[in-house]
There are 2 protein chains.
Amino acid sequence: MRSFTQELGDLANKVSGEVVADEDLVSPYATDASGISSTPWAVLRVGTPRDVELAVRWAAPLGVPVVARGAGTGLAGECVPIAGGLVVDFSTMNRVLDVNKEDRLATVEPGVVNKWLNDELKTAGLFFPPNPGSWETSTIGGNISTNAAGPRSYKYGSTKNWVASVEVVTGRGETLRLGTKSRKSSSGLDLLHLIVGSEGTLGLITQATLRLSPVPERRLGVIVPISSIQQALQALLILGKTPSLEVSAIEFIDEVCVKCLNTYEGKKLPETGGALLMEVESTDEGFEKTMEHIYGTLSSIKLPAESLVDENVDSMWVTRGRVTYSLQRRYGPRHREDLAVPLSRFPDLVRGLREMLAPLDVEPVLFGHAGDGNIHLEFDHLKLGEAEFSNLRRRMYELAVSMGGTISGEHGIGVLKRGYMDIEHSKAELALMREIKAVFDPHNILNPGKDFC
Amino acid sequence: MRSFTQELGDLANKVSGEVVADEDLVSPYATDASGISSTPWAVLRVGTPRDVELAVRWAAPLGVPVVARGAGTGLAGECVPIAGGLVVDFSTMNRVLDVNKEDRLATVEPGVVNKWLNDELKTAGLFFPPNPGSWETSTIGGNISTNAAGPRSYKYGSTKNWVASVEVVTGRGETLRLGTKSRKSSSGLDLLHLIVGSEGTLGLITQATLRLSPVPERRLGVIVPISSIQQALQALLILGKTPSLEVSAIEFIDEVCVKCLNTYEGKKLPETGGALLMEVESTDEGFEKTMEHIYGTLSSIKLPAESLVDENVDSMWVTRGRVTYSLQRRYGPRHREDLAVPLSRFPDLVRGLREMLAPLDVEPVLFGHAGDGNIHLEFDHLKLGEAEFSNLRRRMYELAVSMGGTISGEHGIGVLKRGYMDIEHSKAELALMREIKAVFDPHNILNPGKDFC
């Protein structure tokens, strides 16, 4: 029998990209932003899409796991090779291949960073709307694979709304082009949306054509101090149905976040109990009217907005981005949750989570994409025993699902939530997912042990 | 061996709905708006969702085809039982079960007619955006199964954007709930979007939760005479990127449509060469500004809009709806196409189709959802031999696909385009679709001979 090193030599000879297996070269590929860790046996730094086909065909008869990786910013361990195997590093395939202004489409390689793409689109007056927290470093391939979202999903929806087509190498070693550049289609099964959010379990994305949106003429940031989550919901509902306000994002941070921002980041936010951070879009012409509407709407619900409207939305997003850093400085690394429920249940979810956590002395902090009913909850899980922690998670997920919600709004399942899929999905549904995987990946080599598998 | 009548008696005893097999009762179920015809062996008028499970479990061991039917308005034969079998009539399951204003969700039975739902939603200030030509009679179940679209998809997209979750009975006789009421989710494979547009080949929809949008305060209709398709594209591109105009639909009708409307419907449209019909949304407050913007934008591209802006959008849509009636009166029943391409290629598609058809003496007429690059082309196919017609279709579809387009923008594949799927989809992709079908429908009883099967 040939050794793995010999087999790997065969792969290295076939591909145009680089194959590495030295410990110091593969160890950086062991983990992602989840902190979950497992070292791969080898890494392929992709040269061309053809390399991916060759790698899958090489891996299939050997049963070597194949795990796609972009920037490694995933929060659920999606790109961690927990069964070992070959990590396919797409960060080397990072070109914007084409931008079509008239059709508002961009064709990109999967390793393009979200921010780079958006920088390049500026001259065309277009942008790719999904903006996960990691957008300055995460790749489009990763955004697609996790169906990433972010604050602006309140108006624009998740990544799935913005993918026109993908080129993907399945576990059969075949390259497929799925989807269409046309704005709509009713032809055959929608395999494209099966790939989006499938976390590399069905195929490896080697190219994507994305839909783009025109950049609004103005974007305003509004930071609104609030005194309770119920007041936040009231504001959310009124803002969401004010026809003259084009709200694109509504974020919530709790009183601990506000205090941490003030303490560690030198902000001077009123410590009333929390805050909403909103992005409002406007035309140049309608700008003053928009400002009036913001003031009017917020004062109609007795929220003190006047002094907090900021015409520079970027500075508001820098503040929002600083939330996690300031929490890190205050608490160090902790468990972070990503639950989403229908908007009307958001206060009930927050209340329910607080009640569960209050007796536990784990210093919970709540923030998230309130407009989407999506909460990111942080707490000190290290103060809990393993069974207690697992039991708590199960109760939290059951609460969200009982409200018609989901155990992951945008971070994905990966390794982190794999053991809890039964809460949201029936046995029959999970069985279908696994059989569909077997169709795409008959040798079961693509990202085993993730998501539903 | 037991007779089919005996077997059918078993089914009738099990279900709460009505089972009929008399020729005069089943013959109305033989066809739909495509004109394709094949009489079913029997019909189940569904009483409860449980009936559907019972019917599938009854049909599976017998190998009886099971074909879901809503209002029978499909244009591609989706609900025609071409292999015989049992038609499952959902028009009897037609209740709106719940409307949630805060979450903007409606839960409905599949037989609810699109218009009924929208009538019921008016008091809540909400609407279900997809508006196919058949919206006054077609059902939500049918809209979902064909991923129906319509004029307003220019702003709002196809049905797939507006389905939160479905309850579906697979060919295994299992009821699944797919999707979530949460606004976003990254949990597991997206089986929901696999069901949308699958034309009853994977499962029968027994309930759906739909996403809704707030009704705009004002909707204006604008009819703009144009002299060429190139001028239409120029208008489309400029209208689409005017930030102060919220255009929700842009329709195109050619000079023949205009003449037919004038002759048979008593309209008085200028016969300049065709027209664009647009729907523009506005707030009450911004209404006058919007009117100014429409005039300004159209005059900037030298289009004579002033006399044609109509504050009553409904009358414009009645005019648009009359296009097909007036063509019927002029020509009788003819072949109708449904191709879509990226917007920038729309004039090339129109030019290419005209060049193909010009030598054939088939009196082509062009109209459609121009803003989505979606053309409906009518012509007198009866003047062509069978092979000539089929060859022509192949060339038309190849043209659309070569431009990055699709062979069906919104009508679906059904029986009508089944023989042409290889033009848009690779062998490997079609093979995957069929294997996925086998996962959902191992006995191959659900709508056999349709779409990709």
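These figures come from a predicted structure and were not determined experimentally. Naming convention: chains lettered A, B, ... in sequence-line order (proteins, then strands); numbering from 1 in each chain.
Counting heavy-atom pairs under 4.5 Å between each of Glu199(B), Lys437(B), Lys160(B), His411(B) and chain A puts Lys160(B) at the top. Your options are Ala164(B), Gly197(B), Gly412(B), Ala431(B), and the one with the most heavy-atom pairs under 4.5 Å with chain A is Gly412(B). Your options are Arg177(A), Lys184(A), His369(A), Glu410(A), and the one with the most heavy-atom pairs under 4.5 Å with chain B is Lys184(A). Counting heavy-atom pairs under 4.5 Å between each of Gly371(A), Gly373(A), Ala76(A), Ala400(A) and chain B puts Gly371(A) at the top. Ranked by heavy-atom pairs shorter than 4.5 Å toward chain A, the options His293(B), Met403(B), Arg345(B) are led by His293(B). Highest contact tally toward chain A, considering only His193(B), Arg104(B), Met433(B), is held by Met433(B) [criterion: heavy-atom pairs under 4.5 Å].
For a residue to count as touching a neighbouring chain, one of its non-hydrogen atoms must lie under 4.5 Å from one of that chain's; by this rule Glu435(A) touches chain B with backbone and side chain alike. Using a 4.5 Å cut-off between heavy atoms, Leu432(B) touches chain A through backbone and side chain atoms alike. Using a 4.5 Å cut-off between heavy atoms, Ile195(A) makes no contact with chain B at all. In this structure, the portions of Asp372(B) lying under 4.5 Å from any heavy atom of chain A include both its backbone and its side chain. Of the atoms belonging to Thr201(A), it is side-chain heavy atoms, and not backbone ones, that fall under 4.5 Å from chain B. Only the side chain of Leu202(B) comes within less than 4.5 Å of a heavy atom in chain A; its backbone stays farther off. With a 4.5 Å cut-off on non-hydrogen atoms, Leu189(A) touches chain B through its backbone and its side chain both. Residue Lys450(A): no heavy atom, backbone or side chain, is found under 4.5 Å from chain B. Proximity to chain B (any heavy atom under 4.5 Å) is shown, for Ser187(A), by both the backbone and the side chain. Looking at Ser198(B), the atoms closer than 4.5 Å to chain A (heavy atoms on both sides) sit in the backbone and in the side chain alike. Of the atoms belonging to Val341(A), it is backbone heavy atoms, and not side-chain ones, that fall under 4.5 Å from chain B. Contacts between Asn374(A) and chain B at a heavy-atom distance below 4.5 Å involve the side chain alone, from C-beta outward. Only the side chain of Leu176(A) comes within contact range of chain B, judged by heavy atoms closer than 4.5 Å. Residue contact with chain A, scored on non-hydrogen atoms closer than 4.5 Å, involves the backbone and the side chain of Ser185(B) alike.
For Ser182(A), the side chain to side chain contact (heavy atoms under 4.5 Å, CB included) test picks out Thr180(A), Ala340(B), Thr406(B), with sequence neighbours left out. Annotation: side chain to side chain contact (heavy atoms under 4.5 Å, CB included) contacts of Glu174(B) (sequence neighbours excluded): Ala428(A), Thr170(B), Arg172(B). With sequence neighbours left out, the side chain to side chain donor-acceptor pair (under 3.5 Å) criterion links Lys101(A) to no other residue.
When all heavy atoms are compared, the tightest approach of Ser153(B) to Arg183(A) is O-NH2, 4.3 Å. What you find for Lys181(A) and Pro342(B) is that their closest heavy atoms are CB-CG, 3.7 Å.
In this structure, Ser344(B) OG and Asn100(A) CG are separated by 5.0 Å, a value rounded to the nearest 0.5 Å. Taken from CG in Leu191(B) to CD in Glu429(A), the straight-line distance is 5.0 Å, to the nearest 0.5 Å.
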Might you work through the side-chain contact (heavy atoms from CB on, under 4.5 Å) test for Glu102(B) and Leu237(A), ending with a clear yes or no?
-> CA-CA 7 Å; Glu102(B) 289 188 345; Leu237(A) 291 173; 3.5 Å; yes

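Salt bridge annotation for Lys289(B)-Glu285(A): present, with a cationic side-chain nitrogen under 4.0 angstrom from a carboxylate oxygen.
Panel note: side chain Asp103(A), backbone Leu343(B); a donor-acceptor pair is recorded below 3.5 Å. Formation of a donor-acceptor pair under 3.5 Å by the Asn147(B) side chain with backbone atoms of Ser186(A) is not found in this model.
Contact residues of residues 416-425 of chain A toward chain B are Met421(A), Glu424(A), His425(A) (heavy-atom distance under 4.5 Å).
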